[in-house]
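Have a look at the structure below, then the notes.
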Amino acid sequence: MAIYEVTGGNRLHGEVTISGAKNAAVAILPAAILVGGKCRVENVPDISDVRILIDILRSMGVGITQPEPNVVELDSSELTQLEAPAELVRKMRASYYLMGALLSRYHKAKVALPGGCNFASRPIDQHLKGFRLLGAQVEETEEYVNLTEGEFGLCGNRISLDVVSVGATVNIMMAATLLPGQTVIENAAKEPHIVDLANFLNTMGARITGAGTDTVKIRGVERLQGGTYTIIPDQIEAGTYLAAVAAAGGDVLVKNVIPKHMECITSKLAEMGARITNFDDAIRIQSTGKLHDTTVKTRPYPGFPTDMQAQICVCMTLAKGVSKLTESVYETRFFGYCTELQNMGADIIINGKTAIVTGQEKLRGAEVSAKDLRAGAALIIAGLAAEGITRVRNIHFVERGYENIIEKMTSIGADIRRIEE
Ligand code: UD1
């Protein structure tokens with residue numbers, strides 16, 4: 001088993017380049033099934049979630065080559081298998097995007113229920129409601145979702161989501177792409193990766209408008225054609241490096257970002273005392289490591305992302321004063337890392353959806369274990385800012401979503417090693 005060993009105390013200096021967005025990549029690669037031909041996707045992050053997805057698509061007969069790092073060429077002309085191996089599908093959450101893609105192109109799909117980060121019960125009722133409204137018959141067992149064409153056939157419809165869901169918005173957008181008629185998704189999620197998926201599909205010939213607002217319209221087309229597309233930078237990876245510098249102190253230029261996507265995060269770090277300078281596609285952060293308290297409530301985009309909750313919490317544990325952190329997307333997310341931070345000396349009191357965090361002078365290194373992807377990233381940040389050595393276990397979670405995290409952290413002066421035990 002590999003672990004990360006982090007020796008705290010170094011300030012971070014230099015430049016770090018952000019990879020392509022994980023959550024965009026895991027939507028765009030299955031969306032290649034809709035293309036029915038060749039497409040080239042650039043700036044694909046080399047992370048384990050993407051590698052699993054590539055294995056899944058290959059097993060279904062999608063021709064895949066990787067002619068250079070971070071580039072994936074897919075040929076979905078001929079799928080040989082419409083069912084993906086359940087053992088691979090269960091390894092990652094976003095494999096449920098196969099449902100929307102297969103339903104749209106083949107009018108049927110049988111997909112095992114997904115895995116991924118288990119930081120909360122993560123229902124897919126809104127995805128299934130969308131498929132039903134598009135005319136699918138949905139059969140759900142404990143292990144599979146089976147979609148077939150209902151008796152009135154598949155066609156566009158108006159779908160109002162009961163909760164703002166990224167996954168449901170993505171899945172319904174995909175499902176509607178090749179169906180006749182117009183689909184309107186109301187109360188849609190507005191995350192940057194939803195806009196990225198719409199841009200990918202439109203580049204391939206789809207007719208999607210309104211992505212990035214709460215009403216997305218998809219006018220179905222008969223077929224897509226091939227093309228080349230470049231994935232946007234990862235908002236959460238960038239936010240993680242910014243939080244690391246804020247907590248550990250230093251001066252780092254975070255390159256290949258879209259500063260607009262980062263405002264919900266940088267505004268909070270600035271409030272806590274870090275200096276933020278925006279450039280066209282980079283953000284400089286300067287921090288003395290001496291932060292002050294703030295209040296954060298996670299919300300769907302453009303609010304503060306739940307995927308940055310754990311990282312900002314680490315900053316709060318070191319910020320002078322009492323901070324308040326409220327989770328409104330995944331209530332149980334605190335349990336993925338707060339006990340570990342408490343073992344490092346953090347003062348966190350959880351009361352339902354809210355954590356009250358009283359800043360301490362120092363955290364101290366400890367043996368900790370990641371319970372999910374972002375929790376793992378937060379424990380690394382805590383280790384960088386702590387006195388002494390922190391050993392982070394369960395790092396497979398971190399490697400699901402952070403490309404070359406050891407190399408990138410080391411390049412800005414962090415003392416972090418991956419050790420085989
Ligand atoms: C996506 C992200 C994940 C992020 C989350 C919230 C991907 C691959 N993953 O996850 O990193 O933490 O958005 O920003 O993009 N819900 C329902 N019914 C549904 C679907 C969702 O009740 O059918 C609820 C969920 O329980 C949750 C909320 O809606 O409380 C938001 O979930 P959703 O946006 O769907 O998250 P994911 O797409 O799973």
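These numbers were taken from a predicted model, which means no experiment stands behind them. Just follow the structure's listing: the first ligand is 1, and inside any ligand the first atom is 1. The analysis underlying the following values was restricted to heavy atoms, covering all of them including side chains, and did not include hydrogens, waters or symmetry mates.
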Nitrogen or oxygen of Val26 less than 3.5 angstrom from that of ligand 1: no

Rounded to the nearest 0.5 angstrom, the SG-CZ distance for Cys39 and Phe200 is 4.0 Å

Contact (N/O only, under 3.5 Å) between Thr306 and ligand 1: no

If we ignore angles and hydrogens, is there a donor and acceptor under 3.5 Å between the side chains of His107 and Glu149? yes

Among Glu407, Glu5, Glu399, whose salt bridge (charged side-chain N to carboxylate O under 4.0 Å, His left out) with Arg418 holds? Glu399

If the cut-off is 4.0 Å to any non-hydrogen atom of Ile124, which atoms of ligand 1 fall inside it? 19 (C), 23 (O)

contact_flag Pro305 ligand 1 heavy-atom lt 4.0 Å: no

In this structure, are over 12 heavy atoms from other groups packed under 6.0 Å from Lys108 atom NZ? no

Part of Arg333 within contact of ligand 1 (heavy atoms, under 4.0 Å): side chain

Polar proximity ligand 1 side, Val163 side, N/O cut 3.5 Å exclusive: no

Atoms in ligand 1 with a heavy atom of Gln126 nearer than 4.0 Å: 18 (N), 19 (C), 23 (O)

Which is it for Asp125 and ligand 1 at heavy atoms under 4.0 Å: side chain, backbone, both or neither? both

Could you work out, for atom 22 (O) of ligand 1, the closest of Gly303, Ala189, Pro123 by heavy-atom distance? Pro123

Determine the sole option in Lys297, Arg299, Gln309 for which the side chain to side chain donor-acceptor pair (under 3.5 Å) test with Glu327 is passed. Gln309

Sidechain N-carboxylate O distance under 4.0 Å for Arg158, Glu186: yes

Ser323 side-chain N/O to Thr294 backbone N/O, donor-acceptor pair under 3.5 Å: yes

Taking 4.0 Å as the limit for heavy-atom contacts, which would you say applies to Tyr301 with ligand 1: side chain only, backbone only, both, or neither? neither

For Gly167, the atoms of ligand 1 under 4.0 Å from one of its heavy atoms are 35 (O), 38 (O)

Does ligand 1 have any atom sitting under 4.0 Å from a heavy atom of Leu128? no

Please confirm whether Arg299 approaches ligand 1 to less than 4.0 Å, judged on its heavy atoms. no

Flag this pair as yes if the NZ/CZ of Lys190 is under 6.0 angstrom from the six-membered ring centre of Tyr301 and inside a 45 degree cone about the axis; otherwise no. no

Proximity flag His193 to ligand 1, non-hydrogen atoms under 4.0 Å: yes

Does Ser165 use its side chain to pair, donor to acceptor, with the backbone of Leu161 at less than 3.5 Å? no

Element-labelled atoms of ligand 1 that are located less than 4.0 Å from some non-hydrogen atom of Val166: 1 (C), 13 (O), 15 (O), 33 (P), 34 (O), 35 (O), 38 (O)

Is the closest N or O pair between Val329 and ligand 1 shorter than 3.5 Å? yes

Taking Val111's backbone N and O only, do any of them form a donor-acceptor pair with Glu83's side chain (distance below 3.5 Å, no angle check)? no

Asn171 side chain to Tyr96 backbone, donor-acceptor under 3.5 Å: yes

State the atoms of ligand 1, each with its element, that fall below the 4.0 Å cut-off from a heavy-atom position in His127. 23 (O)

At less than 4.0 angstrom from any non-hydrogen atom of Tyr96, what atoms of ligand 1 do you find? 37 (P), 38 (O), 39 (O)

Under a 4.0 angstrom heavy-atom cut-off, which atoms of ligand 1 come close to Ser165? 20 (C), 21 (C), 33 (P), 34 (O), 35 (O)

A quick test of your reading: do over 12 heavy atoms of other residues, nucleotides or ligands sit less than 6.0 Å from CD of Glu140? yes

